[in-house]
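Every number for a ligand or one of its atoms is a count from 1 in the order of the listing.
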Amino acid sequence: MLDTEPDLSTNPFSRIDFTSGAVAAVSGGSDSTALLLLLKHHLERRAPATRLLAVTIDHGLRSGSAAEAQTVAKLCARIGISHRILTWSGPKPSTGLPAAAREARYRLLAEAAQAEGIGMILTGHTADDQAETVLMRHARDAGQGHAGMAGRGLAGMAPATLYDWRIWIVRPLLGVRRAVLRDVLRRQNVGWADDPTNVDAAFERPRVRAALAGESVEHVKGMLMLAGQAALERRQLGASAADLIDGFASQPAIGLIRLDPCLLSSGDEQAAVYALRILLATTGGIAFLPDQARSEALFGRLRAGFLCATLSRTVVDSRRSGIFLRREARGLPAAAAATGSTLWDGRRHITLNDSSSALLIAPLGAAAAKRLATGEGKTPSSLMRAALAAEPAVWQAGECLGLPGYGLKSATVEARPVVAPFGRFLPSFDLAPARAVAGLIGAAPVPPLPFSGHSAG
Ligand SMILES: Nc1ncnc2c1ncn2[C@@H]1O[C@H](COP(=O)(O)OP(=O)(O)OP(=O)(O)O)[C@@H](O)[C@H]1O
C-alpha cells in the first residue's frame, strides 16, 4: 500500500525516531484515522517494539463527541492498538473556544504521553490543513498591512513543534493531501467521522477551507510552495539571529542581558532586529514577539544614540557600557504562596521541592536588591540591582530568604529561566534562536528533535 500510492511514495515516517514511543492523536476524523493505520503499518515493518498509544480527546462540546471517541476505541481494539479517551472537563470560555479547546487538547495529549513515559505526539495535519493555515495568515497579514515582511507566519505549521519545552508534536502527513488519505481508508473499508464544526461558517478555518475547495490543485500547490520557501527563510533568519545572540549577548546578572553595541553594525540588520525582538520577549516574559515596525524603530533609535525606552515589558537602557535589557518594574506578579510548579511572570518556572514550610514568592523589590552584593565589574551595579529587584524571591513571615539560584542556600525552591516566546510552542523552524537564548539565560536545553540526523526538516 505505502509503496504504490503516488502521494505516499515516500514513507512519511521514515525519518522519525520512534525510540521514545509515540502517542497518535486520533480524533476519529479521516486524517488522524489514516495516520493511525499508516503508522501501524510502518511500525510493524520497521520498529515493532515501539510503544504506541492512540489518544482521543473528548472535548464535550458536541452531543456526538463521546460516541465518536468510542468508535475510535473500537477500531483500536480491533487492530490491537492501546487507546485512551481523555475528557476536557472544566469551564469552557464563551469566546475563543477553538483556541481554548486546542490548548486543552495539547495539555491532555502531553499528560497522556508523559504518564506512559512517551516522548512524542503525532498528529494527522495534512497538506490541506497547511494550505488553509497559510491562507489564513496571508489574510491576517494583508489586513494589518504587513504584506511582504511577515514571512515568519507564512511558513505555516512546522513539521515538528516542541510543546511546553518537553514533548515534541510531529506532523508526518503535512505533505500528503486529504483525498489520498481518504482513499487509504476506503480501500481498507474503514470509516471516519465528519466533524460538523469543520463546515461551520461561524469559524475562520471552515470558511477558508470552503474557499480553498473552489481553488485549483495548482493554486493549492502554489500555496504550499510559498510556505516551503517562507519556512526556509525563517530557518535561515533564525540561524543568523542565533549567531548574533551567541556573539553579542551576555547575561551579567540574572534578569539582565547585555548587548554589545557592535550588534547594531553587524551588517545583517534583519537578523539583528529579529534577535532583538526575541530577547525583548524573553526578558519581558511575553509569549509573542514585539511588533516588527516598533522593533525596527527602536533599533534605529539605538543606532542614533543612548536612550532608555520600554518595549515588550522590557526596559532597554543603552549607555556607554552597553545596551542592557531588563524586566520593567511595573506589573510584576503579586505575592503568592509557593505551590508545586508554576510559571511566574511568563519568565521563570518555579518548583517547590518541599511543601512543609509556608513560603511566599514575590518580587525581590528595590529595597532587598540594594542589600545584595552584585560584585565589581564592567556592568553598572545599579542596573544589576534593578534587574534583580524584578526577580522572584522567597519570603517567609515577612522576611526575604533570598533569590533561588542567587544566594538562597536552600534548594527548597528552584527558579528556572524560561525562553518566553518559545516556552509553550517552539516550532522546529525556530530551533536555532531558541537554543541560543536557552544557553544565554540558563534555561533547560531543548530536547533533541525526534528525527534521524536531528535535522529540522
Ligand atoms: N479530539 C481530538 N482527539 C485527538 N486528537 C485530535 C483531536 N482533534 C484534533 N486532533 C489531532 O489534531 C490534528 C488536527 O486536527 P484539527 O485540524 O481538527 O485541529 P486544529 O485545531 O486545526 O489543530 P491545531 O490547531 O492543533 O493545529 C488531527 O489530525 C489529530 O491528530
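Across every non-hydrogen atom of Ala22 and Ile118, the tightest pair is N-CG2, 3.4 Å.
If you take NZ on Lys221 and CE on Met223, they are separated by 15.0 Å, rounding to the nearest 0.5 Å. Atoms CD and CG, from Gln188 and Asp183 in turn, are 11.5 Å apart once rounded to the nearest 0.5 Å. With values rounded to the nearest 0.5 angstrom, Ser428 atom OG is found 7.5 Å from Arg235 atom CZ.
Relative to the six-membered ring of Phe13, Arg171 misses at least one condition, a distance below 6.0 Å or an angle of at most 45° to the axis. Because its NZ or CZ atom is not both nearer than 6.0 Å to the ring centre of Phe429 and within 45° of the ring axis, Arg234 does not count as a cation-pi partner of that residue.
Protein non-hydrogen atoms do reach within 4.0 Å of atom 8 (N) of ligand 1. Closer than 4.0 Å to atom 18 (O) of ligand 1 lies none of the heavy atoms of the protein.
If you check which protein heavy atom lies closest to atom 20 (P) of ligand 1, you get Arg105 NH2, 3.5 Å. Nearest protein neighbour of atom 1 (N) of ligand 1, counting heavy atoms only, is Ile57 O, 2.9 Å. Of the protein's non-hydrogen atoms, the one nearest atom 22 (O) of ligand 1 is Arg205 NE, 3.7 Å. Distance from atom 28 (C) of ligand 1 to its nearest protein heavy atom, with residue and atom name: Gly124 N, 3.9 Å.
Of the polar atoms of Leu109, none of the N or O atoms is found under 3.5 Å from an N or O of ligand 1, judged by distance alone. Taking any N or O of His125, backbone or side chain, at least one lies under 3.5 Å from an N or O belonging to ligand 1. Residue Arg209 has no N or O atom closer than 3.5 Å to an N or O atom of ligand 1. Remark: ligand 1 and Asp31 share no N or O pair separated by less than 3.5 Å (distance only, no angle test).
Residue contact check: Val55 has heavy atoms under 4.0 Å from atoms 4 (C) of ligand 1. Within the listing of ligand 1, atoms 1 (N) sit less than 4.0 angstrom from a heavy atom of His59. Near Ser32, the atoms of ligand 1 lying under 4.0 angstrom from a non-hydrogen atom of the residue are 29 (O), 30 (C), 31 (O). Within the listing of ligand 1, atoms 24 (P), 25 (O), 26 (O), 27 (O) sit less than 4.0 angstrom from a heavy atom of Arg102.
Proximity of Asp58 to ligand 1, defined as any heavy-atom pair under 4.0 Å, is not found for any part of the residue.
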*asked:* Arg348 vs Glu391, test: salt bridge (charged side-chain N to carboxylate O under 4.0 Å, His left out). Steps then yes/no.
replied: CA-CA 9 Å; Arg348 306 284 179 255; Glu391 286 299 305; 2.8 Å; yes

*Begin from the C-alpha positions of His42 and Asn11 and carry the test side-chain hydrogen bond (donor to acceptor under 3.5 Å, both in side chains) through to its verdict.*
CA-CA 8 Å; His42 171 79; Asn11 177 348; 2.9 Å; yes

*asked:* Go through it in stages, so that I can follow the logic: the residues are Ser32 and Ser27, the test is side-chain hydrogen bond (donor to acceptor under 3.5 Å, both in side chains), and I'd like the CA-CA distance, side-chain angles, deciding distance and then a yes or no.
replied: CA-CA 6 Å; Ser32 53; Ser27 62; 3.1 Å; yes

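Of the candidates Ala99, Ala25, Ser30, it is Ala25 that places a heavy atom closest to atom 11 (C) of ligand 1.
Checking each of Thr133, Leu135, Val134 against Arg137 for a side chain to side chain contact (heavy atoms under 4.5 Å, CB included) leaves exactly one that passes, namely Thr133.
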